[in-house]
Amino acid sequence: MPKLTFLPHEVICPEGATIEAKENESILDAALRNNIAIEHACEKSCACTTCHVIVREGFEQLEEAEENEEDYLDKAWGLEPESRLSCQAKVSSNDLVIEIPKYTINMVSEEH
């Protein structure tokens with residue numbers, strides 16, 4: 001099983017975590033199954049950017065983002081070339097290292 005390593009995030013995963021994922025499972029589903037509470041305001045329907053993550057290692061192993069995901073990513077806070085919506089990015093057989101950005105667009109608009 002591929003391993004997903006989440007880098008430390010001040011609120012969501014303060015000490016970081018390494019979890020196992022199932023092939024073809026979304027990064028978000030694997031995280032939620034392992035009590036890593038990545039925000040997902042649109043309930044995984046690719047209609048917001050709250051589940052935005054940055055894939056620090058293994059990005060090239062993911063399938064390319066579809067146009068709808070790309071359109072939403074353009075609105076994400078802290079967008080980087082290795083950014084993905086975790087509800088859309090499916091795990092392959094390769095391990096990934098993932099960073100959860102400090103803020104989501106919801107947090108910025110709500111002035112957290």
Side-chain angles (χ1 to χ4, degrees):
M1 288 185 124
K3 294 197 182 328
L4 307 183
T5 300
F6 288 86
L7 299 175
H9 180 280
E10 186 177 311
V11 175
I12 296 171
C13 192
E15 296 178 16
T18 298
I19 64 172
E20 288 189 348
K22 301 170 188 166
E23 282 190 51
N24 208 34
E25 178 178 34
S26 73
I27 292 171
L28 178 60
D29 285 338
L32 294 175
R33 187 169 45 76
N34 286 275
N35 300 314
I36 300 171
I38 295 174
E39 187 176 1
H40 52 288
C42 73
E43 295 299 321
K44 308 181 224 175
S45 65
C46 195
C48 73
T49 64
T50 58
C51 71
H52 168 228
V53 296
I54 303 162
V55 182
R56 294 293 181 200
E57 292 179 23
F59 179 82
E60 63 284 344
Q61 303 302 320
L62 298 172
E63 289 186 17
E64 287 189 32
E66 292 186 7
E67 186 175 346
N68 190 40
E69 180 183 355
E70 292 283 354
D71 289 345
Y72 278 103
L73 277 170
D74 286 342
K75 302 170 189 172
W77 185 90
L79 182 68
E80 295 195 16
E82 295 82 21
S83 289
R84 290 298 301 267
L85 297 182
S86 63
C87 71
Q88 299 300 301
K90 305 284 186 181
V91 176
S92 67
S93 60
N94 299 87
D95 297 345
L96 302 173
V97 175
I98 299 162
E99 179 180 352
I100 302 168
K102 185 173 182 179
Y103 300 108
T104 68
I105 197 165
N106 278 4
M107 291 175 156
V108 172
S109 66
E110 293 170 7
E111 300 180 19
H112 285 331

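Small disclaimer: the values here were computed from a predicted structure and weren't measured.
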Nearest atoms (heavy-atom pairs only) where [X] meets [Y]:
| X | Y | answer |
| --- | --- | --- |
| Q88 | C46 | NE2-CB, 3.4 Å |
| F59 | S83 | CE1-O, 4.0 Å |
| A41 | T50 | N-OG1, 2.8 Å |

Between [atom1] of [X] and [atom2] of [Y], what distance do you get to the nearest 0.5 Å?
| X | Y | atom1 | atom2 | answer |
| --- | --- | --- | --- | --- |
| D71 | T49 | CG | OG1 | 12.5 Å |
| I98 | E82 | CD1 | CD | 13.0 Å |
| I100 | I36 | CD1 | CD1 | 6.5 Å |
| S26 | L85 | OG | CG | 11.0 Å |
| R84 | E63 | CZ | CD | 8.5 Å |
| L32 | I38 | CG | CD1 | 6.5 Å |

Between S86 (side chain only) and C51 (backbone N and O only), is there a donor and an acceptor less than 3.5 Å apart?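 Answer holds: yes.
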For Q61 and S92, what are the C-alpha separation, side-chain angles and deciding distance, and is it a side chain to side chain contact (heavy atoms under 4.5 Å, CB included)? CA-CA 7 Å; Q61 303 302 320; S92 67; 4.0 Å; yes
Filter on salt bridge (Lys or Arg N to Asp or Glu O under 4.0 Å), then keep only pairs touching residues 43-57, sequence neighbours left out; what's left?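 Listed by first then second residue: D29-K44, R56-E80, R56-E99.
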All N/O donor-acceptor pairs, side-chain side in residues 11-23, below 3.5 Å, sequence neighbours left out:
| unit_1 | atom_1 | unit_2 | atom_2 | d |
| --- | --- | --- | --- | --- |
| T18 | OG1 | T5 | OG1 | 3.3 |
| E20 | OE2 | K3 | NZ | 3.3 |

Does atom CD of E64 have more than 12 heavy-atom neighbours from other groups under 6.0 Å away?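 No.
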Close side-chain approach of L96 to L62, heavy-atom, < 4.5 Å: yes
Are any non-hydrogen side-chain atoms of I27 and V91 less than 4.5 angstrom apart?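 Yes, side chains in contact.
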Give the C-alpha distance, both sets of side-chain angles, the deciding distance and a yes or no for side chain to side chain contact (heavy atoms under 4.5 Å, CB included) between E69 and Y72. CA-CA 5 Å; E69 180 183 355; Y72 278 103; 6.0 Å; no
